[in-house]
Structures are given as structure tokens and as C-alpha cells.
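For clarity, every value in this text was computed on a predicted model and none was experimentally measured. Chain A is the first sequence line, chain B the second, and so forth, proteins listed ahead of strands; every chain is numbered from 1.
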There are 2 protein chains.
Amino acid sequence: MRKTKRAKLETAGWAVGSVTEFLGLSHAEAALIEMKLGLSRSLRERRQKCGLSQVQLAGRLRSSQSRVAKMEAGDPSVSMDLLVNSLLLLGATATDLAKAIRGGEKGKGRHAA
Amino acid sequence: MRKTKRAKLETAGWAVGSVTEFLGLSHAEAALIEMKLGLSRSLRERRQKCGLSQVQLAGRLRSSQSRVAKMEAGDPSVSMDLLVNSLLLLGATATDLAKAIRGGEKGKGRHAA
DNA sequence: GCACTGTATGTCATATCTGACATAGAGTCA
DNA sequence: TGACTCTATGTCAGATATGACATACAGTGC
């Protein structure tokens, strides 16, 4: 239930920007995936901005290069906990994460008025 | 690594508002816990606002009452994925989640140290 | 008192995630 | 060409989370 549909997404090509509900995902599933993708992108940006390779980041995280790659690829085997934790270790604040999360949001809501 | 220190927190009494780093948690660990607590609170509020019991919510989530209780209690065995997914199923938007996350944040704005 | 509802807490088999490893593709440099 | 770096992808044993269950506790109404 948690992996199957996301797997489909992976296979499907990932237009990501809004490529979700069209596969019959529930709003919740779609939103969750988009949030994770927002975090993935944010992680890669932050890592690069820090001038770190995946190997170096993996060292800091006490993880491995392959997992970092999967994180940045939005692999369905990566949990939100891991993404968030990694971002925090790179110095992201809760506000930064909030932005990354909303970054994955659809077209919703207006800005101010 | 992921559970041990949080377990300490649980045992410690949970003054939650800012009860974190004093135990020797890294910034990342502390922030992660606070974010989860923000989500926990948000989940309970939203559930109650919907007039649902834990049992009823568990039904919607295809989970169990005990897990809902643990979610709302901020139990360390509950992942962020589960919390977020649950909130989304209750109609929360990415923006709502962003707020809940930042709700657990310390010194919100700028300034360090 | 009892019965009922809502919530909390502990345990456990199974599902899922994680780090580590191997391997491969793409790019650079000499 | 080969050697090197960085990244991507697959696999797997071991760690962790999950749902289900039992049980307990507080409150309400009778």
C-alpha cells in the first residue's frame, strides 16, 4: 500500500511537478510523494551548496553513498524521517523544511490575497 | 541511534516546549523530535475537530486505535511518514503540515546561538 | 455496583526501511 | 587507453515500524 503505487510512479517517468494524481493516487498519497520530492530536491541543493559529494555526505550521516543517491532520487524505499534528518544535519531549519514541503505543493492556495 | 535518545526523552517527562537539547541531543535529533511533536499535536487537534474517536480515525487510516494513540502521544515508534500520511488523510494540506512543523520550532526567526 | 465509550500502554509477527556492499555509467584528466 | 571521481542501481542481512491484539484506566450513565 505504501510502496506499490509509488513504484508505479517511479516507472512512469516522473514529471514530478504535478505528476501524481493522474495515476489514481489518493490525495494523501499524491501529496506525500510530492512532499518527499520537495525534500529530495532540497537535499541535493543543500548538499551541493555545501560542496559535498554524496560520499562525503554519507559520511556525515553515518550512512552510505547509495542511500544518499536514493534519497536524492526520491526512491520509494526512503522514508521521510531519513530525508528530514539528513536535511537537518545539513543545517536546515524547520522553516527551511516547511518551505521544501510546500515546494512540492500543487497550485493551491493563493499567496496573500 | 534513532530510538535510544528519544526513549530517554519519553522517560524524562516531556516538557516538550523546548525540552530537547538539554539531554545531549544533537540539533538534528532535537529538531526532528520537536517537528514530530508538532505533527502529533496537530493530528489530535484535527481529529477532534473532525469529531472522530481514535477508533474511528484508525478505521479511516486502516490502522488500529493503539497506533493512533501512539501517534498522538509522540511515541518514538511512530514515523514521520505515518504522522504526515494521517494528517493528509484528515484533509491537511502541505501548508498545514508546514505550519505544524514550524510550530515545534525553537527560536523561529533569525539569530543563532 | 455494572456496562459502555474513549484513550493509553505493552507485546508480537510481519512488513518495511536501512546501511553496506557490489557494480555500472558518465565525466575528467593525463 | 587507463585511472580516478561522482553518481546510479540492485541486493541483502539486520534494524525498525506497523497493525493487531490484549489489557488497563478514566469518565459517563444507569
Side-chain angles (χ1 to χ4, degrees), chain A residues 1-7 9-14 16 28-29 32-33 36-37 39-41 43-89, chain B residues 1-14 16 28-29 32-33 36-37 39-41 43-87 89:
Chain A
M1 167 176 86
R2 184 163 263 149
K3 207 172 175 182
T4 37
K5 295 201 171 171
R6 253 188 285 166
L9 260 190
E10 242 78 46
T11 326
W14 281 125
V16 163
E29 286 173 315
L32 185 56
I33 291 178
K36 282 195 181 185
L37 288 174
L39 294 172
S40 292
R41 276 190 291 266
L43 178 64
R44 177 168 306 220
E45 284 171 19
R46 195 167 277 270
R47 173 180 64 81
Q48 291 175 335
K49 202 167 285 181
C50 291
L52 297 171
S53 69
Q54 290 183 345
V55 173
Q56 290 173 314
L57 176 54
R60 289 201 190 183
L61 297 175
R62 297 173 149 245
S63 179
S64 59
Q65 179 268 327
S66 58
R67 190 133 300 271
V68 173
K70 288 179 219 283
M71 283 192 239
E72 296 187 351
D75 189 289
S77 82
V78 173
S79 74
M80 207 159 162
D81 288 67
L82 189 59
L83 282 167
V84 168
N85 211 20
S86 303
L87 278 162
L88 290 173
L89 279 191
Chain B
M1 166 177 82
R2 184 161 263 148
K3 204 172 177 182
T4 36
K5 295 204 170 168
R6 251 188 285 167
K8 274 208 261 173
L9 259 191
E10 243 78 47
T11 326
W14 281 126
V16 164
E29 287 174 314
L32 185 57
I33 291 179
K36 282 197 183 184
L37 288 174
L39 294 173
S40 292
R41 277 190 291 266
L43 179 63
R44 178 168 304 216
E45 284 171 19
R46 195 167 277 269
R47 174 179 64 81
Q48 291 175 335
K49 202 168 284 181
C50 291
L52 296 171
S53 68
Q54 289 183 347
V55 173
Q56 290 173 314
L57 176 55
R60 290 201 190 185
L61 297 175
R62 297 171 150 247
S63 179
S64 58
Q65 179 268 328
S66 60
R67 190 133 299 274
V68 173
K70 288 180 219 282
M71 283 192 240
E72 296 186 352
D75 189 289
S77 81
V78 173
S79 74
M80 207 159 162
D81 287 67
L82 189 59
L83 282 167
V84 168
N85 211 18
S86 303
L87 278 162
L89 280 190

- Of the non-hydrogen atoms in B:Leu32 and A:Leu88, which two are nearest, and what is the gap between them? N-CD1, 3.7 Å
- Message: When you measure from the side-chain N and O atoms of A:Arg44 to the phosphate of D:dA8, is any distance below 4.0 Å, counting only OP1 and OP2?
- Response: yes
- Which heavy atom in A:Asp81 sits nearest to a heavy atom in B:Met80, and how many Å separate them? OD1-N, 2.7 Å
- Task: Report the residue from A:Gln48, A:Arg67, A:Arg44 that forms a side chain to side chain donor-acceptor pair (under 3.5 Å) with A:Glu72.
- Result: A:Arg44
- Task: Can you tell me the distance, in whole Å, between the CZ atom of B:Arg62 and the P atom of C:dT14?
- Result: 21 Å
- Message: Nearest whole Å is fine: how far is C:dA20 P from A:Leu61 CG?
- Response: 11 Å
- Task: Round to a whole Å and report the spacing from CG of A:Leu57 to P of C:dA20.
- Result: 13 Å
- Item | Per B:Glu72 side chain, nearest of listed nucleotides C:dT18, D:dA8, C:dA8 | C:dA8
- Starting at CG of A:Leu43 and ending at C1' of D:dT7, how long is that distance when rounded to a whole Å? 14 Å
- Query: Please give, in whole Å, the distance from C:dG19 C1' to A:Leu82 CG?
  - Reply: 10 Å
- Minimum heavy-atom separation for B:Gln65 to B:Val55, with atom names? CG-CG2, 3.9 Å
- Item | Between CD on residue B:Gln54 and CG on residue B:Leu43, distance to nearest 0.5 Å | 9.0 Å
- Query: Can you check the B:Asn85 CG to D:dA17 P distance for me, whole Å?
  - Reply: 16 Å
- Message: Quick check for you: among D:dA17, D:dT7, D:dG19, whose closest atom lies nearest to any side-chain atom of B:Ser79?
- Response: D:dA17
- Query: Between B:Val68 and B:Met71, does a side-chain contact (heavy atoms from CB on, under 4.5 Å) hold up when you go through it step by step?
  - Reply: CA-CA 5 Å; B:Val68 173; B:Met71 283 192 240; 4.2 Å; yes
Can you name the atoms? Protein N/O to nucleotides 9-15 of chain D N/O, anything below 3.5 Å, with the distance.
| unit_1 | atom_1 | unit_2 | atom_2 | d |
| --- | --- | --- | --- | --- |
| D:dG10 | N7 | A:Lys70 | NZ | 3.0 |

- For the pair made of CE in A:Met80 and C1' in C:dC17, what is the distance, rounded to whole Å? 16 Å
- Query: Between CG of A:Leu57 and OG of A:Ser86, what distance do you get to the nearest 0.5 Å?
  - Reply: 6.5 Å
- Message: Check whether A:Lys36 reaches the backbone of A:Val78 with its side chain - one donor and one acceptor, N or O, closer than 3.5 Å.
- Response: yes
- Query: So what does B:Ser53 hit on the nucleic acid, given a heavy-atom distance under 4.0 Å: a base, only sugar-phosphate, or nothing?
  - Reply: sugar-phosphate
- Would you kindly give the CD-to-P distance between A:Gln54 and C:dG19, to the nearest whole Å? 14 Å
What's touching nucleotides 25-30 of chain C from the protein side, N or O pairs under 3.5 Å?
none

- Message: Any base atoms under 4.0 Å from A:Ser64, or only sugar-phosphate, or nothing? Heavy atoms, all strands.
- Response: base
- Which heavy atom of A:Ser40 sits nearest a heavy atom of A:Gly74, and at what distance? OG-CA, 3.6 Å
